[in-house]
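Okay, so here's the structure we're looking at.
As the structure is a prediction and not an experimental result, all values here were calculated from the model.
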Amino acid sequence: MRRFITYFFGACLISLAGCGGGGSSDSGSNGSDTPPTQTVSKGALSITIKGLPENTDSNVSITGPDGYNNTITSSETLTDLAVGSYTVTANDVTADALNFDVLPTTHTVTVTKNTTTNLQLVYQTPVISTGVVSNFGSIYVNGTRYETNTTEFKDEDGDPTTEEDFEVGMLVTVVGRTDADGENAQAEEVYFELKAKGPIEAISLTESSIQVLGLTFKVDESTEFTETTFETLQIGDFIKVSAIQDEQQQLIATHIALDDSETTLKLAGTISLLNPETLTFSLDNLVVDYSAAQIEGALADGEQVVVYSETSTTEGVLAATEVKVIEREDEDSETTSFQYAIDGVISAIENENAFILGDNTVNWSSDTEFFGGSETDLNVGVRVKVHGSLADEQFIARKIRLDKQGVIKLDGPIGSINSETQQVTVLNTLFTLDAHSKLKDKSSQKVRRMTLDDLVIGDIISLKAFLSSENQTLLVKQLTRESVSTDEPSDAVNIDGLIEQISAPIITVQGVDVTTSAVTEFEVNDEPVDSESFFATVQSGYLVEIEGQVLPDNQVLALEIEAKSAAENDDDNDTQYVKLKGEVQDLVSSSEFSVSGRSISTNEFTRFEDGTEADLADGVLVEVKGEELSDGSILATKIEFEREDDVEEVEVKGLVTAFNSVTDFSVEDQAVTTNEQTRFKGDSDALSIGVSVEVEGILNAEGILVAEKVEIEDQQNELEVSGQISNFVSAQAFSVNDQAITTTAETNFKNGNSSRLADGESVTVKGSINQEGVLVASKVEFEKLEKIKLEGSISSLSEQAFTISNFTVEYSAQTKFENGQATDLAVGVNIKLEGRKQSDTHVTAEEIEFIDADDEDQQIEVSGRINKFTSATDFSIGSRKITTDANTVFIDGSAAELERGARVEIKGLLQANNIVLATEVKFDD
């Protein structure tokens, strides 16, 4: 049993104030027989009382000389006191089901003549707070700053460590003392709450998840990383993860760090379904076999343990070599009352004044204070930080801070800072921080205990924020300094969020106005479009990702905008595309290479931007957008070549609308300049108003396009042909309407790439005729083909083609197969496919996935006592969530007899949402 020992001597402060003011003694005669004046020795005692809940009286007794005895219930200055020693006793006070005390309880103070002695008493209670670290200096957890001058820090094994081993985002448990408002708090012990430590077994960019030791961890906007990012993680990386559970009991990673300092596999959690006969128990739906393990402590359901293993899971079972029961705070003491703070996701709403958070039923009332929102925001799936106490096994909430999903992500320079109000502006938008906001410094300064006082105007920061319904302010979830103002200046910005207003050429994203121009590239639902189509299609409520640049007038100009409708974003059946940025590695061909350890493939529909297939080479920096296949590889829909200086390259096409000189003209009202490095294709002397050009380059700080390449259309020699390809030999030799055509590395392809060139393809080709009469293509535009998805069984099969759902489907060497290969295609086989419609009855397959018609949900059996019960369709055994339906069979009981504590045996199906649908419930007395 661990005793609470307070090290907070600063909670009770004694000081002296005033002037000495006393008379003097003269040993000599003053020539007078008058006796000296008698002075009364009096002083004052000022007692400041803090820490109790509002409107709660204290109970402080004071005794002193001449039988002095007094009791006060609030801060007070006691005057006209006889000098001497006084005893001040802070008696315990009960409020909000908590026992508040002052340590030490008794203080001895000395009152001196003509002086005020000051004493501060801070009432506190023991506290246990489990949540993520949001900042340091000392340590911030669940919105409370805990002093750590004498704190013992413990790692996942309970062994001593230091604060430097902790990072923002880590899940921890703080044991200490705090007052009612968290204004005066001290951490006695801080424990790191590890969930898993081991090699990554699987990664899904589509699902934003990783798998470690058989457990799947979701990665969301709040997940913090150390020494890595989600995009750079690779299978086999040894990591440690801390996590919380969401409303479906799925694990949400709060922090992920590379950790190859040791190779011992570890898994931590709370024991459920302990079976002494089979020598197994469960941790987060994972079975642990401890038959060969060394046991430290007494195993029991509800005990927190760390499991050590030398091998990963086999068929869902982890073979433990050691199991260590974690002994912590003295919660068994019946005489000690605790304040609690917990961080989690609401899994159920019990009634209008209660919800389920983890294993706790949280009750709130009109006295509960809400921050970051109001009671109307309490819904299943919402993350909250709750402060309160336990009474009759019920959690009574005093404070609830909502931590909703962000509505805006923004990178840009700081425009203003107000440390007093804890506010910053970025792109003329005001953001507010509080004690829950997570702060990190990735800049060259690397300030560990960063505050707003460390930031200066011009620093580049990234923000994630949500709209607080409490006062309609943007409340910061995360603030990361990316670079300092003294570094090389950058005017690049990134904005992700929902469109509030849209009217060409401007869109407004959560108060940030973004303008578009001729240099802006548009994409809607993963398809490139022009400006006119974009503004005709996109509406308020669309989710956008914007890469832009701040112009001298502080206007934000969008260079790229990707928009997706809410319906498209929420459609589980819709293809979810992923992005990956890194250097090309292991290049075999333009259709086979790697980026950041991921295999990348291309097909005839892959778009190449700011470069061509010929530019692919090991070491070249690219951003890949595509579909993640079941084997973890990515089928690229777009490959964008990136500059080493990370500056966004732009392009403008159209007519020259203003012309002063070759170094000063405009294209579609976009100002353009050239220099000695500019490459001209065509006669630069031909530049004039009305001439058609294509310009590639970068925008300078003034918003002027500095041209790296200018292509001038030769009206006389320019030729355009449209029709079907014939006589195809290669990309350098084919015909359209009997016109011989060739392509070069400079040829621009639209709606496909050079690998799509084949006899019968419909194209429009623009270019110029060379001396041999061959059309040298500057642009090849393929017919845009509609995407289509089909599912069913194959009804007929022929060479390189089959029939499904009245469509004839062709496949080729570029078609990607999942869960099988081309030789597995047969009549009656069930498949899913994605492809392009060549006609109303003809489809070219890009991906084919084999599916098992008899594929069923996983059978599972669970037994034990119900430890959480909401209804017959919503209860849990250990951490396993269970539901029933009209087809569930009840044995030796009925649905009405289900209740907390009932022992049952469950047989059922593990559904995709990780909930067991019971087919049979047997009561076990």
Side-chain angles (χ1 to χ4, degrees), residues 130-136 140-142 156 166-172 192-213 215-235 237-259 267-269 284 343-345 358 381-385 402-411 436-442 461-466 475-482 494 496-497 545 576 578-581 596 628 914:
T130 299
V132 299
V133 177
S134 58
N135 203 357
F136 294 96
Y140 288 78
V141 179
N142 287 328
E156 66 269 17
F166 287 73
E167 299 287 346
V168 169
M170 281 185 170
L171 188 70
V172 301
F192 170 50
E193 298 291 358
L194 175 78
K195 177 50 67 177
K197 192 173 188 178
I200 297 177
E201 299 160 346
I203 305 173
S204 173
L205 296 176
T206 306
E207 300 295 331
S208 292
S209 66
I210 60 173
Q211 182 176 303
V212 180
L213 298 181
L215 296 179
T216 298
F217 295 88
K218 300 283 286 185
V219 174
D220 68 7
E221 63 181 19
S222 296
T223 305
E224 297 286 351
F225 294 87
T226 297
E227 304 298 335
T228 186
T229 67
F230 181 53
E231 290 75 19
T232 57
L233 286 174
Q234 298 186 31
I235 291 175
D237 283 350
F238 205 89
I239 63 171
K240 59 181 179 182
V241 188
S242 54
I244 62 173
Q245 283 188 332
D246 69 4
E247 71 278 12
Q248 295 181 346
Q249 294 189 325
Q250 294 177 322
L251 293 167
I252 307 297
T254 65
H255 183 267
I256 297 172
L258 288 177
D259 187 359
L267 183 68
D284 293 291
D343 178 359
V345 178
V382 173
R383 188 170 174 178
V384 292
K385 282 97 176 268
L402 291 101
D403 192 8
K404 296 182 288 187
Q405 288 293 309
V407 297
I408 188 170
K409 302 175 186 177
L410 185 148
D411 295 0
H436 297 268
S437 303
K438 292 188 288 184
L439 277 71
K440 292 184 70 174
D441 189 7
K442 293 183 179 179
I461 62 174
S462 62
L463 293 166
K464 296 178 183 178
F466 67 89
L475 196 54
V476 173
K477 294 166 66 72
Q478 294 166 281
L479 184 156
T480 302
R481 178 164 62 177
E482 304 290 348
N494 293 277
D496 296 357
E545 296 181 15
Q576 298 296 310
V578 299
K579 287 184 178 180
L580 192 64
K581 186 174 180 179
S596 296
E628 186 177 36
N914 210 33

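- Checking Q245 against D284 by side-chain atom types alone, a donor-acceptor pair falls below 3.5 Å.
- Shown here are the salt bridge (Lys or Arg N to Asp or Glu O under 4.0 Å) partners of D441, two or more places apart in sequence or in another chain: R481.
- Taking the side chain to side chain donor-acceptor pair (under 3.5 Å) definition, one finds that E247 meets it with nothing, sequence neighbours left out.
- With sequence neighbours left out, the side chain to side chain contact (heavy atoms under 4.5 Å, CB included) criterion links A253 to F217, T223, V241, I256.
- Every side chain to side chain contact (heavy atoms under 4.5 Å, CB included) that N135 has, sequence neighbours left out, goes to Y140, L439.
- Two residues are said to be in side-chain contact when any heavy atoms from C-beta on lie closer than 4.5 Å; I244 and V345 meet this criterion.
- Contacts of E221 classified as salt bridge (Lys or Arg N to Asp or Glu O under 4.0 Å), with partners at least two apart in sequence or in another chain: K477.
- Residues passing the side chain to side chain donor-acceptor pair (under 3.5 Å) test with S208: none are found, sequence neighbours excluded.
- The pair R383-D246 fails the salt-bridge criterion, with no side-chain N (NZ, NE, NH1 or NH2) lying under 4.0 Å from an Asp/Glu carboxylate O.
- Among residues two or more places apart in sequence or in another chain, the salt bridge (Lys or Arg N to Asp or Glu O under 4.0 Å) test is passed with K438 by E224.
- By the ring-ring contact (aromatic ring centres under 6.0 Å, His included) test, F225 is found to be paired with no residue, residues two or more places apart in sequence or in another chain being considered.
- Residues meeting the side chain to side chain donor-acceptor pair (under 3.5 Å) test with H255, sequence neighbours left out: T226.
- One N or O on the side chain of K218 and one on the backbone of E207 form a donor-acceptor pair closer than 3.5 Å.
- A donor atom on one side chain and an acceptor atom on the other are found under 3.5 Å apart for T254 and S242.
- The salt bridge (Lys or Arg N to Asp or Glu O under 4.0 Å) check on E156 picks up K197, K266, with sequence neighbours excluded.
- The side chain to side chain donor-acceptor pair (under 3.5 Å) test applied to E628 returns S204, T206, R598, not counting sequence neighbours.
- By the side chain to side chain contact (heavy atoms under 4.5 Å, CB included) test, E482 pairs with K442, I460, S462, T480, sequence neighbours left out.
- Judged by distance alone, with hydrogens and angles left aside, the side-chain atoms of K240 form no donor-acceptor pair with the main-chain N or O of D259 at under 3.5 Å.
- Between L402 and V382, some side-chain heavy-atom pair lies under the 4.5 Å cut-off.
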